[in-house]
Structures are given as structure tokens and as C-alpha cells.
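Read through the structure below, which is laid out as C-alpha cells, and then see the notes.
Computed from a predicted model, the values in this text were never measured in an experiment. Counting begins at 1 with the first residue of the sequence.
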Amino acid sequence: IITDNPYLAFRQAIVLLHGWRAQPGPGVSGQAVVDPSARVDPSASVQPLTYIAAGACVGSECVIHPHCYIGRNAVIGDECVLYPGVVIYDGCVLGRRVTLHAGCVIGQDGFGYATYDGAHHKLPGAGNVVIEDDVEMGANCSVDRATVGGTVIGAGTKFSNGVTIGHGCRVGKHNLFVAQVGLAGSVTTGDYVAIGGQAGVAGHIQIGQGARIAAQSGVASDVPAGETWGGQPAAPMAMARRAVLSTAKLPDLIKQVRQLEKRLRQLESEAGKVG
């Protein structure tokens, strides 16, 4: 087989040979709790021990696995899959074909406190979270609701496990975030941004379209579109590589400086004797 994209061809073969994970058929389990004012499409599957609150809406062909919670007035679009233990807080909106793996929490309060007179006063989360179409999140991801307005995850974006998105962020379309990425509040990313594992982004930073952030980077300033950055603090990759190489040479440099200091003391001592 000759192909321009071997990984995509491998993916297609896996789909043909093994298909997708089987999901339960339509219907609401007698062990689920659905508020009378909630709307659940007849084609949706709601599994045992799920709770769907007042005013919530579950679209067609959705699968809601056990122990999920869908809050008041939340909207779950068509063909979404929520695996066990997913929590959708009140007023949050999922588009179509959103997949949330076990333990994801969408719409919890953001980390916002005003400090006054020695106490931290909580800011209410008056906004919500909007997750657009075809987003998938790995296990135990969390997305804070906005203080006002919405925290937005753009269409086609994919998260690995343990990704944390702060309140008021606006993540672009088709982003890729590897495990344990964290965005502080009000970060904005363009489309097709890729961020490596355990990288952190400080609040109110803008990351341009197509930018790439290396794993374990600490981003403290805006990243221009199309650039690749890395390091702590993050910098353009060429500079980051030089910093890493310089750091690797530090033990030898320290040894050389100590030798020079010792030699200088010897010379000063000899000069004193001659004087």
C-alpha cells in the first residue's frame, strides 16, 4: 500500500477492522432521574444513576453513561457521548458530536477572588461554558465557567487527559492540547494551535494561529502566529535551545570559574610577597 499519509491510512484500517466502541441503545433507564421539565430526545440513551436537572436539553442519539450530572438549563447537542462521571454545570452548552471522557467537569466556578481586608472574596461565575461541535476531551479535563460571558472551546479541538482551562478563555478551532496543559484565565488561542504536555500559560496571554508550544513550557508573554516556542519562561525555540545548551554547560563553567578564582588568589598572594 502506497499512501501520502501513512498514519491516516492506519487509522482508516483500524476503523474498518475494529469499528468504534459499542454504545448502549436508546432509552432512559428507570434508575436515572430526569426532571419533568427536562427534554430528552427519544433516540438518546440515558444510563442508570444519571441526573438531568430542570430545563436541561439532551439532543438526538446522545449517549449519557452512568453517574453523569447535567445541570439546570444545560444543553447537550446531537450525537454527544458523555462517559461515566461527567459533570455539566448549569447553563453550559455542548454542540454536536462532543465526546467527554470519564471524569470531565464542565462549568465549575473559576479561580477568581478579590482580596480585601485580609480576606479573599469570591467572584460569582455568572457566565457559562460553550463547547462547539466535534470537540473531544480526555479523562478528567476541567473547563471553568466565565465570570461573565462564556468560556469557549472551538470546534474540532481535542484535549488529552487532565487539561485545565481557566475562566473566560477562548480556545480556537482545531487546537491540540496534550495531557496536563493548563491555561489561566482569559487566555486566547488562534486556530490550529498545538501545546505539549504539562505546559502552562499565564492569564490574559494571546497565542496566535498555528503556534506551537513545547512540553513543560511556561508561557508568560504573547506568542505570535506560526511560531514555535519552548522553555521556562517560554521563548522562540532557537533561543530556548541555546538556553538549554548553556544550562548543560553550567557545571563545567562553574568549575572553571572556581579554578580561576583559586589562581587569582594565588597570584594576589605572590604579588603581596613581592611587594
Side-chain angles (χ1 to χ4, degrees), residues 20-110 125-146 149-165 167-175 177:
W20 300 102
R21 181 179 293 111
Q23 300 289 356
V28 177
S29 169
Q31 294 178 290
V33 177
V34 180
D35 188 274
S37 66
R39 292 174 293 160
V40 178
D41 190 277
S43 64
S45 174
V46 179
Q47 295 297 294
L49 305 180
T50 285
Y51 181 86
I52 301 177
C57 179
V58 177
S60 65
E61 299 183 55
C62 287
V63 179
I64 314 298
H65 283 267
H67 294 280
C68 288
Y69 171 85
I70 299 174
R72 183 182 296 269
N73 298 323
V75 177
I76 311 299
D78 299 340
E79 302 177 67
C80 291
V81 179
L82 276 55
Y83 283 99
V86 169
V87 174
I88 310 295
Y89 275 70
D90 52 293
C92 294
V93 179
L94 274 57
R96 301 182 64 187
R97 298 177 299 276
V98 172
T99 299
L100 302 179
H101 287 275
C104 284
V105 180
I106 307 300
Q108 71 277 4
D109 291 345
N128 72 343
V129 174
V130 177
I131 299 177
E132 297 181 352
D133 297 349
D134 300 303
V135 169
E136 181 166 3
M137 297 185 185
N140 298 319
C141 293
S142 61
V143 183
D144 293 351
R145 71 193 307 111
T151 301
V152 179
I153 309 299
T157 286
K158 316 296 184 187
F159 292 173
S160 182
N161 302 327
V163 171
T164 299
I165 306 297
H167 58 91
C169 288
R170 301 188 71 87
V171 174
K173 301 179 188 301
H174 303 289
N175 282 205
F177 292 179

Could you check whether any side-chain heavy atom of [X] comes within less than 4.5 Å of a side-chain heavy atom of [Y], counting everything from C-beta outward?
X	Y	result
V105	Y89	yes
I106	M137	yes
L94	L100	yes

Checklist entry - Does anything in residues 63-73 pair up under side chain to side chain donor-acceptor pair (under 3.5 Å), and if so which pairs, sequence neighbours excluded? => result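 Listed by first then second residue: Q23-H65.
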D133: partners by salt bridge (Lys or Arg N to Asp or Glu O under 4.0 Å), with sequence neighbours left out
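Expected list: none.
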*With sequence neighbours excluded, what pairs up with R97 under the salt bridge (Lys or Arg N to Asp or Glu O under 4.0 Å) test?*
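Listed in chain order: D134.
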What are the two closest non-hydrogen atoms of [X] and [Y], and how far apart are they?
X	Y	result
Y83	A102	CB-N, 3.7 Å
T151	R145	OG1-C, 3.6 Å
G55	S37	N-OG, 3.1 Å
C141	S160	SG-O, 3.0 Å
V58	A44	CG1-CB, 4.1 Å
V98	E132	CG2-O, 3.4 Å

For [X] and [Y], indicate whether the former's side chain and the latter's backbone hold a donor-acceptor pair under 3.5 Å.
X	Y	value
S45	G25	yes
S43	E61	yes
T157	N175	yes

Please enumerate all residues that pass side chain to side chain donor-acceptor pair (under 3.5 Å) together with [X], with sequence neighbours excluded.
X	value
N161	none
Q108	D144
R96	E79

Out of curiosity, [X] [atom1] to [Y] [atom2], how far, rounded to the nearest 0.5 Å?
X	Y	atom1	atom2	result
I131	T99	CD1	OG1	11.0 Å
F159	I153	CZ	CD1	4.0 Å
I52	I70	CD1	CD1	4.5 Å

